[in-house]
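All heavy atoms count here, side chains included; hydrogens, waters and symmetry mates do not. Note on naming: letters A, B, ... go to the chains in the order of the sequence lines (proteins, then strands), and numbering restarts at 1 for each one. Just so you know, these numbers come straight off a predicted model, no measurement behind them.
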Number of protein chains: 2
Amino acid sequence: MPRRGRVKKEGPESGEDSDEYRKRRDRNNLAVKRSRVKSKQKTQETVNRVSELRNENTVLEEKVKTLTKELGFLKELFLAHASNNVDASKFEGVNFQKLFEDNSSAGTSNDNINNTS
Amino acid sequence: MPRRGRVKKEGPESGEDSDEYRKRRDRNNLAVKRSRVKSKQKTQETVNRVSELRNENTVLEEKVKTLTKELGFLKELFLAHASNNVDASKFEGVNFQKLFEDNSSAGTSNDNINNTS
DNA sequence: TTTAATTGCGCAATAT
DNA sequence: GATATTGCGCAATTAA
């Protein structure tokens, strides 16, 4: 990136008579203001975006927690029932072992159902 | 917030001899640079934070999706079994109706178990 | 080429 | 008193 900024402090070097020069300076100064306002807005929006995302994140984490609990509850229910007096045939070959393994990252593939009959 | 920035273009007004003045100016210019570097770093970190949060968010959303599917699968399993030929007594008073209502936002309160026997 | 937008830099007022 | 921030203007560069 090439050099920028003032190096010398000469007078209106880029221009002609002070008249046109000033017009150009004034216009540029306005452009600079616009640009800086825009820049600050963007920064602020980014900061706000962080807040939004943190909120969404919290909600999602709670949701995961809740779902995990529900799932755990159902699994316990199943297992309790199964270990006590299961009539496994009624579930038509559902492989509970596999179903209740740690499959947090698994989809709902029907690998859990093997027609063992 | 009060006025800032140059208003006049006088010479070393805040100071004394050009010597001490320049020293002060130079030190301030360095401070300005440090301050602006820091500012840009902070902005960049905020931008990065947004990326991180978006990633976490995606992961969490997938997790919710997976868990929801698993839960749905178990519920269907339950219901299918229940509607076909349930021997509900084996579940010792579990209220399937309530259990399978939309309780995404509910905890794992044992309200689902009512000793109806 | 002309004009607007960005950006590095310095000044001075102000904030800490 | 010294450093840190910040509004503002200048000029160089870049983008339209």
Verify whether one side chain among E52(B) and N48(B) offers a donor that lies under 3.5 Å from an acceptor in the other.
no
Are the side chain of S35(A) and the backbone of A31(A) linked by a donor-acceptor contact shorter than 3.5 Å?
no
Can you tell me the distance, in whole Å, between the CZ atom of R27(B) and the C1' atom of dT3(D)?
9 Å
For R25(B) and for V32(A), locate the closest nucleotide of DNA chain C by heavy-atom distance; then report the residue assigned to the nucleotide nearer the 5' terminus.
V32(A)
Figure out the CZ/C1' separation between R24(A) and dG9(D), and round it to whole Å.
16 Å
For N28(B) and dA4(D), give me the distance from atom CG to atom P, rounded to whole Å.
10 Å
Result of checking R27(B), K33(B), R25(B) against N29(B) for side-chain hydrogen bond (donor to acceptor under 3.5 Å, both in side chains):
R25(B)
Counting side-chain heavy atoms from CB outward, which of dT3(D), dA5(C), dG9(D) is closest to A31(A)?
dA5(C)
Using whole Å, what does the distance between atom C1' of nucleotide dT6(D) and atom CG of N29(B) come to?
14 Å
Roughly how many Å is it from CG in D26(A) to P in dA4(C), rounded to a whole number?
12 Å
dG10(C) phosphate, OP1 or OP2: any side-chain N/O from R22(B) under 4.0 angstrom?
no
Whole-Å gap separating P (dC11(C)) and CG (L30(B))
11 Å
Near DNA chain C, under 4.0 Å by heavy atom, which residues of residues 34-47 of chain A?
R34(A), S35(A), R36(A), K38(A)
What distance do L60(A) atom CG and K65(A) atom NZ have between them, rounded to the nearest 0.5 Å?
14.5 Å
Could you check how far OH of Y21(A) sits from C1' of dA11(D), rounded to whole Å?
8 Å
Note, L74(B) side chain near E70(B) side chain (heavy atom, < 4.5 Å):
no
Quick check: does any side chain N or O of T46(B) sit under 3.5 Å from a backbone N or O of K42(B), one acting as donor and the other as acceptor?
yes
